[in-house]
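Residue indices begin at 1 and follow the sequence shown. Counting convention: from 1, in listed order, for ligands and their atoms alike. From a predicted model like this one, the values you see are computed outputs, not experimental measurements. Values reported hereafter were calculated over all heavy atoms of this structure, with side chains retained and with hydrogens, waters and symmetry mates removed.
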Amino acid sequence: MTRTVYLNGEYLPETEAKVSIFDRAFLMGDGVYEVVSVLDGKLLDFDGHMARLQRSLDALAMKNPLDTAGYLAAQRELVARNDIGDGLIYLQVSRGNPGDRDFVFPPAEVQPTLVMFTQSKPGLADSPTAKTGLRVISVQDLRWHRRDIKTVQLLYPSLAKMEAKAAGVDDAWLVEDGKVTEGTSNNAYIVKDGKIITRELSHDILHGITRAAVLRFAHEAQMSVEERSFTIQEAQQADEAFITSASGFVTPVVEIDGVKLGAGTPGPVAVRLREIYLEESRKAAV
Ligand code: PMP
């Protein structure tokens with residue numbers, strides 16, 4: 001089936017959606033993005049993703065081409081046209097096409113480019129890694145210092161992911177000044193003596209929408225949460241570990257740099273948080 005994608009207000013077959021070679025995202029990585037999960041044809045954490053999109057755009061003085069109602073209508077339309085049960089919506093806004101290459105931002109009349117497309121992922125919530133857990137290695141965090149802005153500049157996370165694959169594991173946890181920042185495309189957590197520990201929000205990490213929801217559910221369930229950074233050594237001695245992201249929800253981590261955590265199987269806190277997250281966000285899905 002040819003996918004129907006969204007480009008600047010139009011729904012087009014994917015083969016007909018064309019963006020200029022002068023687009024600032026293509027030449028300079030001058031764009032921001034969001035990924036929204038779809039379960040049973042409904043959008044998860046939609047408001048949170050739209051709020052973060054606005055935050056990223058504001059941080060880069062980029063115009064938002066649509067309002068929240070417009071995004072909701074377009075995303076629902078894409079879900080319907082592509083018959084998505086479980087999957088995701090990728091959304092990208094770039095500073096548009098100035099008609100040439102220049103470091104200086106284009107004049108205000110240059111319109112942003114807005115692209116949205118679906119990816120079908122049947123059984124997204126039943127991924128095998130939720131049961132087996134992930135194995136990760138640590139990799140130096142060499143990204144720029146505004147990781148709180150969700151830009152399309154994903155080369156370093158992609159290199160780190162490839163390093164993990166080359167090492168025969170699933171993913172990498174990035175380390176800066178001896179402390180874990182986050183995963184290549186997810187937020188990182190450890191659990192010790194029942195306490196959930198995850199790095200505090202700053203410019204050093206992406207402010208995960210799933211992170212916000214999971215911490216809220218953890219507080220509601222009277223679980224104790226400490227927002228602070230931790231080392232790889234502390235993580236290796238933790239009782240359990242996990243990651244969160246929009247498409248991975250809550251996924252256990254069972255091994256860090258070759259050291260198994262506890263029994264080397266998913267821990268009870270991660271398993272419970274995954275259940276709560278999926279249950280609550282399905283209920284609130286739009
Ligand atoms: N950190 C990074 C670097 C990410 O790329 C992502 C996923 N885009 C996350 C954290 C998790 O964020 P979210 O829960 O909003 O998907």
Original post:
Charged N to carboxylate O below 4.0 Å: is that the case for R211 and E182?
Top reply: no
Subject >> Geometric N/O contact K150 with ligand 1, under 3.5 angstrom >> reply: yes
Original post:
Mind checking whether T244 has an N or O less than 3.5 Å away from an N or O of ligand 1?
Top reply: no
**OP:** Check each atom of ligand 1 against the heavy atoms of T184 and keep those under 4.0 Å away; list them by number with element.
**Re:** 3 (C)
Original post:
Is there side-chain contact between Q153 and R147, with heavy atoms separated by less than 4.5 Å?
Top reply: no
Original post:
Can you find a heavy atom in the side chain of Q92 that is under 4.5 Å from one in the side chain of E34?
Top reply: no
**OP:** Just need the protein heavy atom nearest to atom 1 (N) of ligand 1, so name the residue and atom and give the distance.
**Re:** E182 OE1, 2.6 Å
Original post:
Taking the side chain as C-beta and beyond, is there a heavy-atom pair between F249 and L39 under 4.5 Å?
Top reply: yes
Original post:
For K131, does the NZ atom have more than 12 heavy-atom neighbours from other residues, nucleotides or ligands under 6.0 Å away?
Top reply: yes
Subject >> Salt-bridge contact R95-D23 (side-chain N to carboxylate O under 4.0 Å) >> reply: no
Original post:
With only distance considered, is L206 within less than 3.5 Å of ligand 1 through an N or O on each side?
Top reply: no
Subject >> Residue part near ligand 1, for H207, under 4.0 Å between non-hydrogen atoms >> reply: neither
Original post:
Is there a side-chain contact between M223 and I196, using heavy atoms and a 4.5 Å cut-off?
Top reply: yes
**OP:** Please identify which atoms of ligand 1 are closer than 4.0 Å to at least one heavy atom of R143.
**Re:** 3 (C)
Original post:
Looking at ligand 1, does any of its N/O atoms fall within less than 3.5 Å of an N/O of R52?
Top reply: yes
**OP:** Among R228, R199, K179, find the residue that satisfies the salt bridge (charged side-chain N to carboxylate O under 4.0 Å, His left out) test when tested with E234.
**Re:** R228
Subject >> Gap between atom CG of L44 and atom CD1 of I89 - 0.5 Å precision >> reply: 11.0 Å
Original post:
At a 4.0 Å threshold, what atoms of ligand 1 neighbour a non-hydrogen atom of N187?
Top reply: 10 (C), 11 (C)
**OP:** Note the single closest protein heavy atom to atom 16 (O) of ligand 1, along with its residue, its atom name and the distance in Å.
**Re:** A246 N, 2.8 Å
Original post:
With a 6.0 Å cut-off on ring centres, are Y90 and Y33 close enough?
Top reply: yes
Original post:
Is there a path from L72 to V36 through hydrophobic residues (I, L, V, M, F, W, Y) whose side chains come within less than 4.5 Å of each other?
Top reply: yes
Original post:
Applying a strict 4.0 Å limit to heavy atoms, is D45 in contact with ligand 1?
Top reply: no
Original post:
Heavy atom under 4.0 Å from ligand 1: found in I205's side chain, backbone, both, or neither?
Top reply: neither
Original post:
What protein heavy atom is closest to atom 14 (O) of ligand 1, reported as residue, atom name and distance in Å?
Top reply: T210 OG1, 2.6 Å
**OP:** Could you tell me whether I209 approaches ligand 1 through its side chain, its backbone, both or neither, with non-hydrogen atoms closer than 4.0 Å?
**Re:** both
Original post:
Should N186 be listed as contacting ligand 1, given a heavy-atom distance under 4.0 Å as the test?
Top reply: yes
**OP:** Specify the protein heavy atom at minimum distance from atom 7 (C) of ligand 1: its residue, its atom name, and the distance to 0.1 Å.
**Re:** S185 O, 3.3 Å
Subject >> Close-contact set for ligand 1 against G208 heavy atoms, below 4.0 Å >> reply: 12 (O), 13 (P), 14 (O), 15 (O)
**OP:** Classify the contact between R147 and ligand 1 as side chain, backbone, both or neither, using a heavy-atom distance cut-off of under 4.0 Å.
**Re:** neither
